[in-house]
Amino acid sequence: ESGIGKHTLVDSLFKTNFEHDQLDQPAKAVTLTSNTYELNETGVDLRLSVTHSRGFGDQVNNADGIKPIVDFVDARFDEFLQQEFKPSRDLKSWIDTRIHACLYLLTPTGHSIKSIDLLALKELSTRVNIILVIAKSDTVSRSELDEYKQRILNELDDNNIKLYSFPTDDSDDVAKLNEKLNAEVPFAVVGSRTEANLGGQRVRVRQYPWGIVEVENEAHSDFPKLREMLIRTNMDDLIGKTHHGHYEHFRQQNFSKLGLGGNADSTVSEAYNKKLAEHEAEKQRIEEAMRQTFVARVKDKDTELQRAGLELNQRFEKQMRQVKEQLKEFEEQDKRISTELEAIRAAMADLNKDKKKDKKTK
Ligand code: GDP
Ligand code: MG
């Protein structure tokens, strides 16, 4: 609901002040807005989309308030489903817009979960990983919080609502950590946009006349745990569970829409395989057509090359012929010049003889 601390929490989680209108006005209808941010989280580039639902719980008649949110989650699944069935899907430009985690904020002062929240959680928990948090937990005492947490868990249990639980099937340290985290759900968190200098560091705080609440301090709230599990340890698991759990569920329920016949579980994989086979055949047909076009092109190119080669040969031979003719001409010229030179030399010799004769006679 408006003012529960949604924007402040998201800003605190990603250590930014995202651009958005600061205060939600109580709204007449539930609206959803999405923004995408490129973040760098300890050296890892992160593409984060945040969808805010505004006005849920603000109406006098709350019963239908959850519908726009449920429809939104389904629409994202549907987008993915449509992409999956496109024969020429381009995986590189394919952006996964499904909702991988839903932070559901409860008011801190509740005696128990409000019925509107129970109804909403029932609808949402079959579609998306729910991470339940108690907002503004700095406004209630620790013992009250512990009691509240326990009552929440009991009520969820009574209504058969399953929250996202952290994976504990690995044998490593993460599994141990997750086991601890599971026992502390729902997280009681604090958010803030105000920063202060504590021990030489800029940290997010809430300042009160009697002291300071540090957002990142584990002794003050469960916020650091939420941050750790959401961004570091379990991001992969959230994505995996969305795909293999919630999305799979959606897909099975929507197979009839795609003209695949009934939606009974047993026929789903059959229908899926049939559709895949159709696409495979279509793909092969296109590939064969492309291959043939290619072969034809190569043939064209071949004859073109042959023609070009022939021309080149002819030109070369002609040039060679010309060169040979020139060479012959040169040789003839050479011969001619040689004989002429010979004649001149002979004439010179004769001339010299005549001169000697002349001297003697003188
Ligand atoms: P939104 O309408 O749900 O987005 O709520 P906002 O994030 O805009 O917060 C509404 C008001 O609650 C603001 O004045 C916040 O400073 C305040 N607020 C947010 N988080 C906390 C918190 O953890 N503790 C307290 N005491 N106040 C908070
Ligand atoms: Mg807001």
Side-chain angles (χ1 to χ4, degrees), residues 1-37 39 48-60 62 65-66 68-69 72 99 101-110 113-114 116-117 120-121 124 128 130-146 148-149 152 184-196 198 202-231:
E1 62 196 44
S2 297
I4 201 170
K6 300 181 289 295
H7 282 122
T8 311
L9 182 64
V10 170
D11 278 1
S12 305
L13 277 173
F14 297 100
K15 294 182 175 161
T16 12
N17 285 346
F18 290 134
E19 282 167 34
H20 43 62
D21 31 356
Q22 295 289 307
L23 272 186
D24 288 358
Q25 299 303 321
K28 288 209 180 67
V30 174
T31 55
L32 292 109
T33 45
S34 297
N35 288 305
T36 298
Y37 309 94
L39 300 177
L48 172 79
S49 291
V50 183
T51 300
H52 272 282
S53 62
R54 285 193 173 78
F56 177 67
D58 292 351
Q59 291 82 41
V60 181
N62 282 318
I66 194 62
I69 301 173
F72 185 88
I99 308 290
C102 167
L103 294 175
Y104 196 103
L105 279 65
L106 297 176
T107 45
T109 49
I113 302 192
K114 288 187 282 183
I116 175 183
D117 287 330
L121 286 169
L124 285 173
V128 58
I130 301 274
I131 298 161
L132 200 58
V133 298
I134 300 168
K136 299 187 183 180
S137 70
D138 54 319
T139 58
V140 268
S141 73
R142 193 74 235 181
S143 60
E144 280 174 314
L145 267 179
D146 289 341
Y148 187 32
K149 275 191 185 188
I152 290 169
E184 296 186 44
V185 166
F187 295 140
V189 299
V190 176
S192 177
R193 286 200 179 94
T194 312
E195 288 187 355
L198 285 188
R202 302 289 296 167
V203 290
R204 283 177 191 253
V205 295
R206 300 201 74 85
Q207 272 170 320
Y208 294 105
W210 58 88
I212 286 175
V213 179
E214 295 167 47
V215 170
E216 298 272 357
N217 188 333
E218 229 175 284
H220 294 187
S221 88
D222 297 333
F223 177 87
K225 289 174 194 151
L226 174 67
R227 187 162 201 285
E228 170 73 23
M229 68 75 30
L230 191 63
I231 301 169

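Counting starts at 1 for both ligands and their atoms, in listed order.
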E218, E216, E228 screened by side-chain contact (heavy atoms from CB on, under 4.5 Å) with F223, the one that passes: E216

Honestly, for R206 the part within reach of ligand 1 (heavy atoms, under 4.0 Å) is side chain

For a 4.5 angstrom cut-off between non-hydrogen side-chain atoms, does I4 reach T107? yes

Does ligand 1 have a heavy atom under 4.0 Å from the side chain of T8, from its backbone, from both, or from neither? both

Checking heavy-atom distances from atom 2 (O) of ligand 1 to each of P108, G3, S137, the winner is G3

Using a strict cut-off of 4.0 Å, indicate which atoms of ligand 1 neighbour a heavy atom of G191. 20 (N), 21 (C), 22 (C), 23 (O)

If we only count heavy atoms from C-beta on, is the V140 to I134 side-chain gap below 4.5 Å? no

If I apply the N/O under 3.5 Å rule, does G5 come out as touching ligand 1? yes

Okay, side chain of R54, backbone of S2: is any donor-acceptor separation there less than 3.5 Å? no

So which of K6, R54, R204 gets nearest to atom 1 (P) of ligand 1, if we judge by its closest heavy atom? K6

Counting each atom of ligand 1 from 1 as listed, which ones have a heavy atom of T139 under 4.0 Å away? 26 (N)

Does the plane of the ring in F56 sit parallel, tilted or perpendicular to the ring in Y104? Use 30° and 60° as the thresholds. perpendicular

Main chain of F187, side chain of K149: is a donor-acceptor contact present, judged purely on distance under 3.5 Å? no

Polar contact flag for V190 and ligand 1 (N/O pairs, less than 3.5 Å): no

Provide the number and element of each atom of ligand 1 under 4.0 Å from a heavy atom of H7. 4 (O), 7 (O)

Roughly how far, to the nearest 0.5 Å, is the NE2 atom of H52 from the OG atom of S34? 9.5 Å

Heavy-atom contact check, 4.0 Å cutoff: does Y208 meet ligand 1? yes

